[in-house]
Amino acid sequence: MNIVRSFARVWLALAVLLAGCALATAQTAGKTGNPASGQASQTSAASAEKPAVERELAVAALPAGIQEAAGKARRVATDIIKTLEDLKVRLANPSLPANELAKAREELEAVRERAKLADIELSSPLTQMEAQLSRLGPAPKDGETEAAPVAAQRVQLEEVRGVLLGARAQLALAAGVADQLASQAGQIERTRYFDRLFKREQSVLSPALWSQGIKSVSDIWARSARLASGYYTLIADNNGAWVAWFLLAGFVVLSAAGLQLCRMLAHRVRADNVPSGELGKLFRVVAVPIGYGLVAVVATTVFGLLLFELGAKSKRVEELYQAFSLMMVMFAFVRGMSRSILSPTRPDWRIASLSSDAAQKWLHLLTIAFVLMAVSYLVNALSQVVNLSDELKAMRRAIMLPALMIIIVRLIMIAQRDRRSAEAAKANTVYFSWASYLIQPVWLMLLATGVALITGYLTLATYIMATIVVIGTVVSFLYCVRRFADAFVT
């Protein structure tokens, strides 16, 4: 019996041992199996994990300057919006002065340019953000997850991109508001311009205009005398009274010397010293006005040095000196241009198709017109210095515009009478014959100017007269260019 039990125990132990071996063999086969299939399984697992690892390693910290660019863009947008709000309040003021309106338009243009530059600066950071996000791959779908570092990096990049896009949207909004305000400012300026243009004032036939103008003349004379007396006292107290008389003598000497130099320059440019024909005329047309202008520049500069070095410094006197210098330079230039084009004493130098008598009359009339415009400009500057610009403006227009009308009428009549004269008919080539068709419109514009002066629309009359002057200047310039181009070609 004991032998049977022992035998049964041995067989049970052997069965357990065999079962354990079989189980171990099955597990080993499950883990290894076919070597090729096991290698393939490991390769596929590695390839499944590799993109996540590469993405995690490829995404570094944010590029340098991205956060700063985002903050800067946001600050710029906020500052621009505040500036636009201030400009909006200023433009809403119906009594905004003209100079403040012009300043507001300049500020709006600067704001638009600033918004444009800030938007351009955001392009590079946004491109970098998009590149970083594309390297992360597409965002995981619902129910999927990605590595924690990659997810954190994606959140950070999207936040920064959102800030950049928000700043760009603010800049675009600011640019749109700036465009609207610029359009509003332009509309205000146009409305005011047409209001001034068609504003009815006093007629040139109104006694009130002339009485008020005479009073303004007496006022400007008294204030100018006080200005000169005060400046003389200032010079006398600082450097002595002899300095003031020396400055006056220097002004007279410089004026006489400048006039003599201009005459010498006009006589110096002779036919035997320059190319003959049309090229010689071109040289004189260029040389004479430039020479006259340079003489005026030198004379006024020397006088300015004497005035402010030996004399005394005064802001109002300095403003008056600048206006006087500009007036003298412009007068000398246009006088030299007219003299070289008309050349009344030398028909072979003349560019205009006029006789000598007509050219002489034209030169005298144009000189009178230039003197009137120069004096009007100087009086306007003086009235601004002594704070009388508004009171004297109507009278200046009432004197200037009729005088210019008479001069233009005389110029047209002289040219028409001279068109068939023997000396003018010697020209072989007729230039700009179409310009004769402008005579009728000019007559109509002169008539409209006279009607506007009589009915009290002084600003409208000034605009029409300025248009006539511009038309004459442009036609004269094109006439000279056409002649010289023909000379070069032939």
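In this text, all values refer to a predicted model and were calculated from it rather than measured experimentally. The first residue in the sequence is number 1, and the count goes up from there.
- Applying salt bridge (charged side-chain N to carboxylate O under 4.0 Å, His left out) to Glu107 and the options Lys88, Arg114, Arg90 leaves one that passes, Arg90.
- Between Leu84 and Ala174, the shortest heavy-atom distance links the atoms CD1-O, 3.2 Å.
- Within the 4.5 Å cutoff, the side chain of Arg223 has no heavy atoms near those of the Val385 side chain.
- For Phe324 and Phe303, the gap between ring centers reaches or exceeds 6.0 Å.
- In this structure, the separation between CZ on Arg190 and CG on Asp195 is 12.5 Å, given to the nearest 0.5 Å.
- Residue Phe308 qualifies as enclosed at atom CZ: its count of foreign heavy atoms under 6.0 Å is above 12.
- Thr473 is not listed as a side-chain neighbour of Phe477, based on a closest heavy-atom distance of 4.5 Å or more.
- Expressed to the nearest 0.5 Å, how far NE2 of His364 lies from CD1 of Ile407 amounts to 13.0 Å.
- To the nearest 0.5 Å, atoms CG (Asp357) and CH2 (Trp362) are separated by 13.5 Å.
- Ser476 places none of its side-chain heavy atoms less than 4.5 Å from the side chain of Ile341.
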* To do: Give the intermediate values and the outcome of side-chain contact (heavy atoms from CB on, under 4.5 Å) for residues Leu444 and Gln440.
  => CA-CA 6 Å; Leu444 291 176; Gln440 287 75 17; 5.7 Å; no
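- Between Val76 and Ala118 the shortest heavy-atom distance is CG1-CB, 3.9 Å.
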* Going through the checks in order, is the side-chain contact (heavy atoms from CB on, under 4.5 Å) test met by Thr449 and Leu404? -> CA-CA 11 Å; Thr449 303; Leu404 290 179; over 6 Å; no
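- Within the 3.5 Å criterion, the main-chain N or O of Val297 finds a donor-acceptor partner in the side chain of Thr300.
- With sequence neighbours left out, the salt bridge (charged side-chain N to carboxylate O under 4.0 Å, His left out) criterion links Arg112 to Glu109, Asp179.
- Residues that satisfy the side chain to side chain donor-acceptor pair (under 3.5 Å) test with Lys215, not counting sequence neighbours, are Asp219.
- A donor-acceptor pair is defined here as one N or O able to donate and one able to accept, closer than 3.5 Å; no such pair exists between the side chain of Trp443 and the backbone of Val409.
- The structure places CE of Met328 at 11.5 Å from CG of Leu326, a figure rounded to the nearest 0.5 Å.
- Shown here for Val217 and Met395, the closest heavy-atom pair between the two residues is CG2-SD, 3.9 Å.
- The shortest distance between side-chain heavy atoms of Phe194 and Leu197 falls below 4.5 Å.
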* Asked: Does the pair Thr459 and Lys199 meet the rule for a side-chain contact (heavy atoms from CB on, under 4.5 Å), with working shown?
  -> CA-CA 7 Å; Thr459 306; Lys199 179 182 178 181; 5.7 Å; no
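- Smallest separation of non-hydrogen atoms from Ile188 and Leu91: CD1-O, 3.7 Å.
- Considering all non-hydrogen atoms of both residues, Leu307 and Val317 come closest at CD2-CG1, 4.2 Å.
- A donor-acceptor pair is defined here as one N or O able to donate and one able to accept, closer than 3.5 Å; no such pair exists between the side chain of Ser229 and the backbone of Ala225.
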* Are Asn93 and Glu100 close enough, and set up right, to give a side-chain contact (heavy atoms from CB on, under 4.5 Å), and what steps lead you there? -> CA-CA 11 Å; Asn93 182 13; Glu100 291 293 332; over 6 Å; no
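- The shortest side-chain heavy-atom distance between Met373 and Met330 does not fall under the 4.5 Å cut-off.
- Contact check for Leu366 versus Leu411: side-chain heavy atoms found under the 4.5 Å cut-off.
- Open room surrounds OH on Tyr463; 12 or fewer heavy atoms of other groups in view lie less than 6.0 Å from it.
- Side chain of Tyr231 to main chain of Arg316: no donor-acceptor pair is present (N/O by atom type, distance under 3.5 Å, no hydrogens or angles).
- Leu181 places none of its side-chain heavy atoms less than 4.5 Å from the side chain of Val111.
- For the residue pair Arg396 and Ser376, a side-chain donor N or O sits within less than 3.5 Å of a side-chain acceptor on the partner.
- With values rounded to the nearest 0.5 angstrom, Leu171 atom CG is found 10.5 Å from Leu117 atom CG.
- For the residue pair Thr367/Arg339, the side-chain donor-acceptor check at 3.5 Å is not satisfied.
- With rounding to the nearest 0.5 angstrom, the CG atom of Leu363 is 9.0 Å from the CZ atom of Phe370.
- Side-chain contact between Glu319 and Gln384: absent, with no pair of heavy atoms (C-beta onward) separated by less than 4.5 Å.
- The heavy-atom pair separating Ala178 from Leu108 by the smallest distance is O-CD2, 4.2 Å.
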